[in-house]
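Both ligands and their constituent atoms are indexed starting at 1 by order of listing. Not measured: the values here are computed from a predicted model.
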Amino acid sequence: MKSILLDTLRGETTPRPPVWFMRQAGRVLPNYNKLKESHSFREMMANPNLAAEVTLMPIADLGVDAAILFSDILVIPNAMGMELKWTDSGPVFPTPLSNFSSPVEHLKENPQKLEYIYDVIDEILRRRPQNVPLIGFCGAPLTTMCYMLQGVSSNGNFPDAMKFLFSNKTESKKLIDAIADFSVHYALKQIEHGVEVFQLFETHAGLIPTEMYMELFMPAVEKVGKAVRATGTPFIFFPKGFSTGFKAITPDLCDFVSIDWQMPLADAREMIHPEVGLQGNIDPRLLYAPQEVIAVELEKLKPFFRSNPKWILNLGHGFLPDIPYENARFTVDWVKSTKW
Ligand SMILES: O=C(O)CCc1c2[nH]c(c1CC(=O)O)Cc1[nH]c(c(CC(=O)O)c1CCC(=O)O)Cc1[nH]c(c(CC(=O)O)c1CCC(=O)O)Cc1[nH]c(c(CCC(=O)O)c1CC(=O)O)C2
């Protein structure tokens, strides 16, 4: 496949950075919101026709260089046996695992529950325009565990999950191992069905000390990354808020690392092993600004690209739902039409 994203992931030189955005296929798109008037999120995600339509929407509506599977990180806890309710105010697990002293004993893994997602992937690949790679994903172990123990995010602090982790390391480890093994299975199935790139979302890496992350969670990330890369599929790791933990990212772990908006790209580049490519890291809130302001900020990225061609232009985290669609479109148009 001739694709600027795959070229960059392979380390080839390209005339501009490839561009895609986390949460690009959702509420920022007027066509998605139109579809949402008659279908719930859960319905759209589970129906291969609708999910394929939404996955491919940003290719036409934003002009991005890749599609990301329209699904969610919460499908894993659900397939591991947790009841998941999609309510109007967001997803909820009614029975969080922090209620139990030995959470793994309350899991009932059923990989069949993920089968509909492979049908979605098949449908996307049937319909996609030529040369548009598909990115698969799942949540990384800490983030997935936080949702499993807490039930909902409570503004991202996950107090019950943290209490459990700090008070019961042995049981936490068992849960981490179970999540890692299930994630390996899920990632390999996505790849078998044809995703060309795989991203692991560690959205809450910043919740715990780096040393603790390295001891308890990094081996699980390594396990997923190793399985993905053994198939020849590029592996992107997104540890949001990892701070100086980025120093520990080596080419043994991942091909590219996605940088959050708190870390300047140049600092990330100095900190991270030179063979690991970077992705990121526009602050999603910049897209609230007038387009002239966005253009000034984008212009500042040019010198970085010239000395760092191993870079994928993306956000430092996902689109916020109320970002003006016109500004998202403007950003992609700017990236694709400017002289880098
Ligand atoms: O805060 C909570 O308790 C749950 C957050 C939440 C999740 N799925 C959710 C919601 C409700 C919502 O977004 O309103 C529910 C959810 N997942 C998704 C959407 C669509 C959208 O955001 O407009 C929505 C909102 C659904 C809707 O109301 O229309 C789809 C989704 N989740 C995700 C992805 C992968 C990606 O980001 O590109 C994707 C698909 C790709 C795409 O939209 O282009 C990944 C995801 N889901 C989730 C998380 C953890 C977020 C966090 O803890 O900060 C993450 C990882 C991350 O964003 O860093 C959990």
Short version for Tyr32: what comes under 4.0 Å of ligand 1, heavy atoms counted, is side chain
Quick look: Phe137 vs ligand 1, heavy-atom contacts under 4.0 Å, and the answer is side chain
Greater than 12 external heavy atoms within 6.0 Å of Lys336's NZ: yes
**Study point:** Lys169 with Glu215: basic N within carboxylate O range, under 4.0 Å
**Key:** yes
- Hey, are Asp181 and Lys223 close enough for a salt bridge, meaning a charged N less than 4.0 Å from a carboxylate O? yes
Of all protein heavy atoms, the one nearest atom 38 (O) of ligand 1 is Arg23 N, 2.9 Å
of all protein heavy atoms, closest to atom 56 (C) of ligand 1 is Thr203 OG1, 3.3 Å
Residue, atom and distance of the protein heavy atom nearest atom 51 (C) of ligand 1 read Tyr147 OH, 3.6 Å
Looking only at heavy atoms, the pair that brings Met145 and Ile176 closest together is SD-CG1, 3.7 Å
Quick one: does Leu69 get within less than 4.0 Å of ligand 1, heavy atoms only? yes
Heavy atom of His204 under 4.0 Å from ligand 1?
-> yes
Carboxylate-amine/guanidinium contact Lys2 Asp7, below 4.0 Å = yes
Review point. Are the charged groups of Arg269 and Glu275 less than 4.0 angstrom apart, N to O?
Key: no
Per side chain to side chain donor-acceptor pair (under 3.5 Å), Arg16 is matched among Thr8, Asp65, Thr338 by Asp65
So the atoms of ligand 1 within less than 4.0 Å of a heavy atom of Ile68 turn out to be 38 (O), 41 (C), 44 (O)
If you scan protein heavy atoms around atom 49 (C) of ligand 1, the nearest is Ile73 CD1, 3.5 Å
Within the 4.0 Å heavy-atom cut-off, what Pro91 brings close to ligand 1 is side chain
In ligand 1, the atoms that come under 4.0 Å of a heavy atom of Asp72 are 7 (C), 8 (N), 9 (C), 15 (C), 16 (C), 17 (N), 18 (C), 30 (C), 31 (C), 32 (N), 33 (C), 46 (C), 47 (N), 48 (C), 60 (C)
Atoms of ligand 1 under 4.0 Å from any heavy atom of Gln24, numbered from 1 in the order shown, are 42 (C), 44 (O)
Output yes when Arg329 and Asp333 qualify as a salt bridge under the 4.0 Å nitrogen-oxygen rule, no when they do not. yes
Open item on the list: Could you check, using the six-membered ring where one of them is a Trp, whether Phe242 and Tyr213 have ring centers closer than 6.0 angstrom?
Closed with: yes
Residue, atom and distance of the protein heavy atom nearest atom 58 (O) of ligand 1 read His317 NE2, 3.5 Å
Discussion item. Using heavy atoms and a 4.0 Å limit, tell me yes or no: is Phe319 in contact with ligand 1?
Written reply: no
among protein heavy atoms, the one nearest atom 24 (C) of ligand 1 is Phe41 CE1, 3.7 Å
Of all protein heavy atoms, the one nearest atom 23 (O) of ligand 1 is Arg27 N, 2.9 Å
Exercise. Between Arg285 and Trp261, is NZ or CZ placed under 6.0 angstrom from the six-membered ring centre and within 45° of the ring axis?
Worked result: yes
I'd like to know if Glu37 and Lys34 make a salt bridge, using a cut-off of under 4.0 Å between side-chain N and carboxylate O. no
A student checking ligand 1 against Lys36 at a 4.0 Å heavy-atom cut-off should list atoms 27 (C), 28 (O), 29 (O)
Check: of Ser71, Gly26, Ser258, Cys138, min heavy-atom distance to atom 31 (C) of ligand 1 comes from Ser71
Nearest non-hydrogen protein atom to atom 1 (O) of ligand 1, with distance, is Ser153 OG, 3.0 Å
Counting heavy atoms under 4.0 Å, the part of Trp86 that contacts ligand 1 is side chain
Short N-O contact, Arg229 and Asp255, less than 4.0 angstrom: yes
So for Lys240 against ligand 1, with non-hydrogen atoms under 4.0 Å, the contacting part is neither
Review point. Taking the six-membered ring where the residue is Trp, are the ring centres of Phe41 and Phe70 under 6.0 Å apart?
Key: yes
